[in-house]
2 protein chains.
Amino acid sequence: MPRDPNPRRPTLDTLAKTLGVSKTTVSNAFSRPDQLSSDLRERVLAAAREAGYSGPDPVARMLRTGRAGAIGLILPQSLPSTLDDPATAALLRGIADACEERRLGLLIIPGVVRGRDTQRIVDVAVDGFIAYSLPRDLPVLEEVVIRGDPLVVIDQPRRPDVSTIHVDDLRGAQLAATHLAGLGHRRFGIVSLPFRADGYTGPGQVDRITAPTYDVPGERMQGYGAALASHGISLDDVPIFECARSDEELGFQAGRYLLESAGAVTAILAMSDRLALGVLAAARERRIKVPDELSIIGFDDIDGAARARPSLSTIRQPLQLKGYAAARFLLDSPRVASSQARPEPGDRAEAESVTSESEILDLPVELIVRQSTGPRR
Amino acid sequence: MPRDPNPRRPTLDTLAKTLGVSKTTVSNAFSRPDQLSSDLRERVLAAAREAGYSGPDPVARMLRTGRAGAIGLILPQSLPSTLDDPATAALLRGIADACEERRLGLLIIPGVVRGRDTQRIVDVAVDGFIAYSLPRDLPVLEEVVIRGDPLVVIDQPRRPDVSTIHVDDLRGAQLAATHLAGLGHRRFGIVSLPFRADGYTGPGQVDRITAPTYDVPGERMQGYGAALASHGISLDDVPIFECARSDEELGFQAGRYLLESAGAVTAILAMSDRLALGVLAAARERRIKVPDELSIIGFDDIDGAARARPSLSTIRQPLQLKGYAAARFLLDSPRVASSQARPEPGDRAEAESVTSESEILDLPVELIVRQSTGPRR
DNA sequence: CTGAAAGCGCTTACAG
DNA sequence: CTGAAAGCGCTTACAG
């Protein structure tokens, strides 16, 4: 029975012993070249190469230095669906840009709304988190907040103790509704993003709308409501269809519902471009002419909006910038920016409780008028 | 001057002392519920909540257990460009799917071809790496191999000591060229992916083609060459245009070049659909009718291929599956699969040198004939 | 320029 | 069911 010579992977210690120098020296050879003669350094590096040792173990270094060199991105949906959606894909691009500038890793933590074990989710080695569009009651976010990890939220939930990046959804919705009301429309329909995270798709229900778990649709409803009210229209008279996700298929369902059951609707407000695109398809199916017989406006201004036939009027929000800004926000926060997030062992100074104030960054929205909206006939 | 009571973040140790139990017990309360009475467990968890302690530090746990709970994905391009490209986006989807199944994190390490510091790149806490489409001489890969980290390569480089997932590029190229030659074409042009990683875009150069740093274009050239040869056509007589990246813009440039300088070309072989789409645009610009006057075939079968006008004939490769298979390959490798990658401190058994044999998984390609190819007139 | 020592926060046999 | 102890691999003042 051959006895293995126990070929354990070499460590700093092994190498130091082999070379007859201290661990300090080996460590310095890798991480602080100025702390030793280049001669010695060369010798160490050569020996390392020979021994198959290629630098300090990142995990051990992290434990010691307190820096993970990466940030975590908490995503509600699976990564595939996130990439499929042009809006979230753009967001991701922005985040990735910022990480690249800073040479930080990006650890993606997808699918958190479909209840995974809260604890495990945040059990990752990162210097901070970006959370994108989560329902208000999601435990995972509470977990991050409790831990006191640096955190920036994009879109929602909006809570006073957390820095947040979002657009002025209320104003965006107002712009959309005002645009259509200004064109003379009086009979509206609304295609909504989910008010709650339970997967419901169907006609609007009062309790869901008035007590939403998602902030964004709530804000937008208020925006629609305010604009319509100033034209003498009550939201109570406006049929609403809630979609569990932002995609064309559900938008199509919503379109059918609004066009069939609600009869004489001449203008539809959709909370995303993908939903609006679905409504467009439903109109096509019923041979309803857009914008002659029906006006449709979306939200986001994804690439596909301009390319649609007819091209889609919408409320533009700077998606990529939103991602970029969120990442910069996080990376520039004192806790993450400081080269040592974890205080030194003997260090009493303790970075004087850097509870950086939570901030809100409000990005602009803009009405983009294209072919899908026109005067009421 | 108020003296902070040093509100250091609580640890397992702190908590144990507060509660008057051992660290073991606290640890067990979180990680091995069966090791203590549920009464005690509740007490510990309650105290933890109160103290603002939310579970063991992932980094420390990693150092101890040797498991990072994530894999690293090494990408040649920036994440934005990767997401922009439907082919790589599909690949990413497949990888993400597998990670989600296994509840593993995915740490994205983009932009490695544009020389970043090799050392730092792989200084991340992961259980293994997937490397996608890298040039043969890239130091970062060597680094991973030397470290002995579990590794699966997608597409390239193809080296015997590393497990690799790819399609039969040679055969795919053969199918494409045979298809066109079978339609009677005799005057070909080739739009190539890069042979080297130096950013060159321009007419094909013999030394680059015969000694490529990228394996895939090399294989495909051989495939084209073999198919053409059996129809009596020598590659020497075929104009080639090399593109530094796979995108429509460079494809457009290539198309112009081939259509202008090469005169009577009637069939163009492009190594990606995006390149082919660019050629299509160039033909449109010059009012050359496809497929009447010019046949074009791509490679990949991205979503946009079927939607193009005219729709694009191509060689389909299972992009998403490729990603999924690579991830599964890695995750099922003994080193990663075993619940403890790092041997126990006192453990001599040493998992008997699990140098899992490197394997190659060869995925099928398929000729998809659409509108962009037709008989020579 | 170099080395000895402490300690980051945790998990796991092992003994009781 | 519970606790004392070792040790994962590293970095950093500090002393020489």
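Only this structure's heavy atoms are used, side chains among them; waters, hydrogens and symmetry mates stay out.
Picking from C/dG3, D/dC8, D/dT12 the nucleotide with the shortest atom distance to the side chain of A/T25 gives C/dG3. Distance from the side chain of B/T11 is smallest to C/dG9 among C/dG9, D/dC10, D/dT12. Side-chain atoms of B/R61 lie closest to C/dC10 of the nucleotides D/dT11, D/dG9, C/dC10.
Here B/S27 does not reach the OP1 or OP2 of C/dC10: none of its side-chain N or O atoms lies under 4.0 Å away. Distances shorter than 4.0 Å separate some side-chain N or O of B/S31 from OP1 or OP2 on C/dT11.
Annotation: side chain to side chain donor-acceptor pair (under 3.5 Å) contacts of A/R102 (sequence neighbours excluded): A/D332. Not a single side chain to side chain donor-acceptor pair (under 3.5 Å) links B/T164 to another residue, sequence neighbours left out. The side chain to side chain donor-acceptor pair (under 3.5 Å) check on B/T25 picks up B/S22, with sequence neighbours excluded. Applying the salt bridge (charged side-chain N to carboxylate O under 4.0 Å, His left out) criterion to A/E142, with sequence neighbours excluded, gives A/R159. B/E101 is linked by a salt bridge (charged side-chain N to carboxylate O under 4.0 Å, His left out) to B/R328, counting only residues two or more places apart in sequence or in another chain. A search for side chain to side chain contact (heavy atoms under 4.5 Å, CB included) contacts involving A/D149 returns A/F129, A/V144, A/R147, B/R9, not counting sequence neighbours.
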Provide a list of protein-nucleic acid N or O atom pairs under 3.5 angstrom, restricted to nucleotides 4-6 of chain C.
| from | atom 1 | to | atom 2 | distance (Å) |
| --- | --- | --- | --- | --- |
| C/dA4 | N6 | A/T24 | OG1 | 2.4 |

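With a 3.5 Å limit on both pairing distances and Watson-Crick or G-U wobble geometry required, the stems of 3 or more pairs in DNA chain C span C:1-3 with D:14-16, C:5-12 with D:5-12, C:14-16 with D:1-3.
Between B/I108 atom CD1 and A/I108 atom CD1 the span is 4.0 Å, to the nearest 0.5 Å. Note: B/T88 OG1 to B/L83 CG = 7.5 Å, rounded to the nearest 0.5 Å. Note that CG of A/L106 and CG of B/L107 are 7.5 Å apart. Values are rounded to the nearest 0.5 Å.
The CG-P distance, from A/D13 to D/dT11, rounds to 13 Å in whole Å. A straight line from CZ of B/F30 to C1' of C/dG9 spans 13 Å, rounded to a whole angstrom. Summarising the geometry, the separation between CG on A/D34 and C1' on D/dT12 is reported as 14 Å, rounded to the nearest angstrom. A/L12 has its CG atom 16 Å from the C1' atom of D/dG7, to the nearest Å. A straight line from NZ of B/K17 to P of D/dT2 spans 20 Å, rounded to a whole angstrom. As a whole-Å value, the separation of B/L63 CG from D/dG9 C1' is 6 Å. In this structure, A/R32 atom CZ and D/dT11 atom C1' are separated by 8 Å, rounded to whole Å. Residue B/Q35 contributes atom CD, which lies 10 Å from atom P of C/dT12 at whole-angstrom precision.
Both B/N28 and B/A60 sit near DNA chain D, but only B/N28 has its closest nucleotide nearer the 5' end.
Applying the ring pair (Phe, Tyr, Trp, His ring centres under 6.0 Å) test to residues at least two apart or on different chains, the pairs with a partner in residues 31-57 of chain B are B/F30-B/Y53. Annotation: salt bridge (charged side-chain N to carboxylate O under 4.0 Å, His left out) contacts involving residues 31-46 of chain A, sequence neighbours excluded, are absent. Evaluation of the salt bridge (charged side-chain N to carboxylate O under 4.0 Å, His left out) test over residues 10-27 of chain B, restricted to residues two or more places apart or in two chains, returns B/D13-B/K17.
Within a heavy-atom distance below 4.0 Å of DNA chain C, no residue of residues 36-45 of chain B is found.
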